[in-house]
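To start, the structure under review is shown below, and the notes come after it.
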There are 2 protein chains.
Amino acid sequence: MTRADRPDPGDLDLQKQVCFALYAASRALTAVYRPVLERLGLTYPQYLVMLVLWERGQTSVKALGESLQLDSGTLSPLLKRLEAAGLVDRARDPRDERSVVVSLTPSGDRLREQATGIPRAIAEATGVPASELAYLRDTLRKITEAATAAPDKETT
Amino acid sequence: MTRADRPDPGDLDLQKQVCFALYAASRALTAVYRPVLERLGLTYPQYLVMLVLWERGQTSVKALGESLQLDSGTLSPLLKRLEAAGLVDRARDPRDERSVVVSLTPSGDRLREQATGIPRAIAEATGVPASELAYLRDTLRKITEAATAAPDKETT
DNA sequence: TGCGTTTTGGTTGTGCACAATCTAAACGGT
DNA sequence: ACCGTTTAGATTGTGCACAACCAAAACGCA
């Protein structure tokens, strides 16, 4: 890290503000999704899983976890709830009995049509211009990447 | 909403990407905090509460909730854990017995010194330049504000 | 072939986040 | 003074998120 990149003391407050803003914005945005998704009987994380399945048709739990950056402790019960709701099937892969393949039921596939209006509804509710969204997405990805690779500094 | 602000179909994917990026970035960043805060025996939401208390000294549960945008269902058990850890006291306000005032114990006050290094450690771990952070903070606040004011469009 | 290692999911326990509901205190108008 | 309404906080129940641990299947190599 070069001298110029190292934050000076004046930045520390800014740093805290960004962390809290991120935390608050994430909760506020999922709160916008909540009533919309409720009509489909989905939570936001469940909706993310369905998005992956609608796009790929069939996915192992491992691949789902990599896409959404969630571990089995989160996904296992979530997938069991989706299965109980009749939206997905789970079956061991006969080629590798360790792997569980998640696939859409007819009901889960039909739900896709009801979900097509959701991104537009959210976009209208938040109303942030597309030009800013693209920059925001890129900055957030940068932060996620940096945070994921963060070395867990043991400052002794 | 004017014609120019309405997203065209091409933006819908961008919209989803931003929502997921926000969700992922928030979790990734709290994951960076986790090992650092663990040394203080705090979780990230508990740290946010302590930040408010370190700044204001004494706060009602209601004021805490407004600052952090959290309701009593989240704060009550969290504050009980902070109390069990000996970091805060809770007492009914004698002037208004409905209100509970949260204050720092000597131990909670001392913890502030151990926490001074945290923002710097996080800033170094993520390494996003200050110039971008300021813009990011402002954009996130805009989204939070828009999302909080969102009218829960009943699209019938 | 046998056995240690890795991979894949599941389980358990803790701690948010939030909706819904409840109690008690304060308030407000008559 | 009375009673309906509002407000502050706690409680209950559901669903993530994640750490820690576990079991079974697959792999690899001596």
Side-chain angles (χ1 to χ4, degrees), chain A residues 20 23-35 37-38 41-50 59-66 68-85 88 90-102 144 147-148 152, chain B residues 20 23-35 37-38 41-50 59-66 68-85 88 90-102 144 147-148 152:
Chain A
F20 176 71
Y23 166 75
S26 180
R27 283 186 301 123
L29 198 55
T30 61
V32 174
Y33 273 96
R34 195 170 299 115
L37 291 174
E38 195 178 8
L42 294 176
T43 65
Y44 184 63
Q46 287 168 8
Y47 171 64
L48 294 179
V49 167
M50 294 303 286
T59 323
S60 69
V61 173
K62 175 179 170 55
L64 269 176
E66 284 167 354
L68 306 177
Q69 299 172 228
L70 293 171
D71 67 9
S72 69
T74 300
L75 284 175
S76 286
L78 187 158
L79 291 171
K80 278 170 74 173
R81 280 186 285 272
L82 286 180
E83 189 180 36
V88 308
R90 291 187 304 153
R92 292 276 167 186
D93 184 343
R95 305 202 188 288
D96 184 344
E97 292 280 346
R98 292 171 303 180
S99 179
V100 168
V101 177
V102 183
T144 302
T148 303
D152 186 1
Chain B
F20 176 71
Y23 167 75
S26 180
R27 284 187 298 123
L29 197 55
T30 61
V32 174
Y33 274 96
R34 194 169 299 115
L37 290 175
E38 195 179 8
L42 294 175
T43 65
Y44 183 64
Q46 288 168 7
Y47 171 64
L48 294 179
V49 167
M50 294 302 287
T59 323
S60 70
V61 173
K62 175 180 170 56
L64 269 176
E66 284 168 354
L68 305 177
Q69 299 172 231
L70 293 171
D71 67 9
S72 70
T74 300
L75 284 175
S76 286
L78 188 157
L79 291 171
K80 279 171 73 173
R81 281 185 284 271
L82 287 180
E83 188 179 36
V88 308
R90 291 187 304 153
R92 292 277 167 185
D93 184 344
R95 304 203 189 288
D96 185 343
E97 292 281 344
R98 290 172 305 179
S99 178
V100 168
V101 176
V102 183
T144 302
T148 303
D152 184 2

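First the proteins, then the strands, lettered A, B, ... as listed; each starts at 1.
- When the C1' atom of dA19(D) is taken as reference, atom CZ of Arg27(B) falls 15 Å away, rounded to whole Å.
- Looking at Val61(A) and Arg90(A), their side chains never come closer than 4.5 Å, going by heavy atoms from C-beta outward.
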Once each nucleotide of nucleotides 1-8 of chain C is scored for protein heavy atoms under 4.0 Å, what B/S/- sequence comes out, 5' to 3'?
------BS
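- Within the 4.0 Å cut-off from OP1 or OP2 of dG10(C), not a single side-chain nitrogen or oxygen of Lys80(A) is found.
- Position along DNA chain D of the nearest nucleotide to Leu70(A) versus Asp93(A) favours Leu70(A) as the more 5'-ward residue.
- Here dG15(C) presents its P atom at 14 Å from CG of Leu79(B), a figure rounded to the nearest Å.
- Leu42(A) places its CG atom 13 Å from the C1' atom of dG15(D), with the value rounded to the nearest Å.
- Partners of Asp96(A) according to the side chain to side chain donor-acceptor pair (under 3.5 Å) rule, which considers only residues two or more places apart in sequence or in another chain, are Arg98(A).
- At dG9(C), none of the side-chain N or O atoms of Arg90(A) fall inside 4.0 Å of OP1 or OP2 (strictly under the cut-off).
- Comparing Arg95(B) and Thr74(B), the nucleotide of DNA chain C nearest to each residue sits closer to the 5' end for Thr74(B).
- Judged by distance alone, with hydrogens and angles left aside, the side-chain atoms of Ser26(B) form no donor-acceptor pair with the main-chain N or O of Tyr23(B) at under 3.5 Å.
- If you measure from atom CG of Leu48(A) to atom P of dG15(D), you get 17 Å, rounded to the nearest angstrom.
- Considering only residues two or more places apart in sequence or on other chains, Tyr33(B) meets the ring pair (Phe, Tyr, Trp, His ring centres under 6.0 Å) condition with Tyr44(B), Tyr47(B).
- The shortest distance between the side-chain N/O atoms of Gln46(A) and the OP1/OP2 oxygens of dC16(D) is below 4.0 Å.
- With dA25(D), dA19(C), dG15(C) as the choices, the nucleotide that has an atom nearest any side-chain atom of Arg81(B) turns out to be dG15(C).
- Spacing between atom CG of Leu37(A) and atom P of dC16(D) amounts to 11 Å, rounded to whole angstrom units.
- Arg27(A) places a side-chain N or O within donor-acceptor distance of the main-chain N or O of Gln69(B), the cut-off being under 3.5 Å.
- Residue contacts for Thr43(A): at a heavy-atom cut-off of 4.0 Å it reaches the sugar-phosphate backbone alone, with no base atom in range.
- Applying the 4.0 Å criterion to OP1 and OP2 of dG10(C), one finds that Ser76(A) has a side-chain N or O inside that range.
- Backbone-only contact: Leu78(A) has heavy atoms under 4.0 Å from sugar-phosphate atoms and none from a base.
- In this structure, CG of Asp71(A) is placed 13 Å from C1' of dT12(C), rounded to the nearest angstrom.
- Note: CG (Leu64(A)) to P (dA17(D)) measures 14 Å, nearest angstrom.
- Under 4.0 angstrom from either OP1 or OP2 of dC16(D) there lies no side-chain N or O belonging to Tyr23(B).
- The CG atom of Leu75(B) sits 9 Å away from the P atom of dA10(D) (whole-angstrom rounding).
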